[in-house]
Amino acid sequence: MKKILILLGPPGVGKGTVGEKLSEILRIPLISTGDLLREHIKKKTELGLKAKEYMENGYLVPDDIVVSVLVERIREDDCKNGFILDGFPRNINQAEILENFINKENVKVIYLTADDEFLVNRLSNRRICENCGAIYHLINIPPKVNGICDKCGGKLVQREDDKEDVVRNRLKVYHSVTSPLLDYYRNRRKFFVVPGDGKLEETISNILKIEEDA
Ligand code: AMP
């Protein structure tokens with residue numbers, strides 16, 4: 001059966017890292033709208049140019065732009081057995097649009113939790129590989145060689161929007177616009193709450209248990 005996992009939770013809670021691991025284990029692709037948008041910015045596409053300023057300041061990119069990027073991706077061949085969503089939907093309107101593209105029976109929503117100060121601390125230590133997008137944390141998941149990606153040797157950089165003032169704005173946006181999705185899905189789909197502030201292995205094993213049981 002086609003598997004669709006939606007990872008919900010505040011910025012920095014680990015949706016990307018958790019999603020990468022789950023993608024390897026479950027063998028379905030991880031789709032991060034943030035990554036797709038960053039790819040457009042890197043390639044300087046028209047869409048990327050429109051999205052850039054919103055992203056660098058921690059605001060949501062307009063729905064029409066994000067939806068077009070997402071729909072293009074989920075139509076690709078590797079999504080036919082399912083996929084994991086990281087960072088989409090981000091508001092109720094996006095959730096409603098998504099309903100048109102997925103079979104509701106296949107969906108599980110995982111809500112990863114952590115408090116704001118933990119997240120500010122985690123994000124300010126986050127580093128991303130410029131080349132392959134792998135995610136590190138200077139304390140919890142450090143690279144073997146400082147500043148260099150273990151996987152591809154690329155340079156590790158800090159995202160513009162991982163700087164503290166932007167992180168605080170992203171959290172504000174999350175609490176006002178994205179968190180209403182929790183009730184939206186709690187009432188409509190298989191919905192699970194998993195702590196995102198523990199060890200990565202524990203988070204993964206909690207989610208895999210949900211996968212097996214539900
Ligand atoms: P992320 O990598 O998920 O933290 O996303 C980084 C930034 O990309 C966000 O702060 C938004 O500016 C933008 N973004 C990613 N996904 C969405 C979405 N579903 N809707 C609107 N903006 C998004």
Side-chain angles (χ1 to χ4, degrees), residues 4-20 22-23 29-43 45 47-74 83-102 107 109-114 116 118-130 132-137 156-182 184-185 196:
I4 297 169
L5 283 183
I6 298 177
L7 301 178
L8 283 187
V13 76
K15 300 186 295 293
T17 313
V18 166
E20 261 185 33
L22 290 173
S23 165
L30 170 67
I31 301 176
S32 151
T33 42
D35 283 349
L36 293 173
L37 291 167
R38 279 184 287 277
E39 203 50 44
H40 275 271
I41 290 178
K42 214 162 140 185
K43 289 187 189 146
T45 66
L47 218 143
L49 291 175
K50 282 189 195 151
K52 191 167 190 275
E53 201 167 315
Y54 295 98
M55 292 178 72
E56 286 186 347
N57 292 297
Y59 292 103
L60 292 189
V61 171
D63 291 348
D64 56 336
I65 298 180
V66 187
V67 167
S68 72
V69 165
L70 178 85
V71 168
E72 184 185 54
R73 179 66 187 90
I74 61 180
F83 47 84
I84 303 167
L85 289 180
D86 156 16
F88 191 98
R90 275 294 223 281
N91 58 32
I92 302 276
N93 183 46
Q94 292 180 6
E96 283 175 344
I97 294 171
L98 182 64
E99 299 281 285
N100 301 319
F101 294 94
I102 55 178
V107 178
V109 178
I110 313 280
Y111 169 37
L112 295 169
T113 60
D116 284 9
F118 174 90
L119 296 167
V120 171
N121 177 288
R122 181 186 265 181
L123 285 178
S124 58
N125 283 300
R126 179 159 81 169
R127 296 294 180 273
I128 314 276
C129 174
E130 211 176 36
C132 74
I135 301 164
Y136 295 84
H137 183 280
L156 301 185
V157 294
Q158 182 176 38
R159 269 168 47 175
E160 203 50 47
D161 60 351
D162 279 347
K163 300 192 169 144
E164 182 169 339
D165 52 335
V166 184
V167 169
R168 291 201 184 273
N169 193 39
R170 290 164 67 197
L171 285 166
K172 223 157 84 190
V173 170
Y174 171 78
H175 289 300
S176 62
V177 181
T178 306
S179 66
L181 283 176
L182 303 176
Y184 178 90
Y185 281 125

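Everything quoted here is computed from the prediction, not taken from an experiment. All ligand and atom numbering here is 1-based and tracks the order in the structure.
- In the displayed structure, Y59 atom OH is contacted under 6.0 Å by at most 12 heavy atoms of other residues, nucleotides or ligands.
- A salt bridge is defined here as a Lys NZ or Arg NE, NH1 or NH2 lying under 4.0 Å from an Asp or Glu carboxylate O, and R38 with D35 meets this definition.
- Considering only residues two or more places apart in sequence or on other chains, E130 meets the salt bridge (Lys or Arg N to Asp or Glu O under 4.0 Å) condition with none of them.
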Where does ligand 1 get N/O contacts under 3.5 Å from the protein, atom by atom?
from, atom 1, to, atom 2, distance (Å)
ligand 1, 2 (O), R38, NH1, 3.1
ligand 1, 2 (O), R38, NH2, 2.9
ligand 1, 2 (O), R159, NH1, 3.4
ligand 1, 2 (O), R159, NH2, 3.4
ligand 1, 3 (O), R90, NH1, 3.2
ligand 1, 3 (O), R90, NH2, 3.3
ligand 1, 4 (O), R159, NH2, 3.2
ligand 1, 4 (O), R170, NH2, 3.0
ligand 1, 5 (O), R90, NH2, 3.2
ligand 1, 12 (O), Y59, O, 2.6
ligand 1, 16 (N), T33, OG1, 2.8
ligand 1, 16 (N), G87, O, 3.3
ligand 1, 16 (N), R90, NH1, 3.3
ligand 1, 19 (N), G87, O, 2.8
ligand 1, 19 (N), Q94, OE1, 3.0
ligand 1, 20 (N), Q94, NE2, 2.9
ligand 1, 22 (N), V61, N, 3.0

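- Using modelled atom types, no side-chain atom of R126 and backbone atom of I135 make a donor-acceptor pair closer than 3.5 Å.
- A salt bridge links R170 and D162; the closest N-O separation between the charged side-chain nitrogens and carboxylate oxygens is under 4.0 Å.
- Within a 6.0 Å sphere centred on OH of Y184, heavy atoms belonging to other residues, nucleotides or ligands number more than 12.
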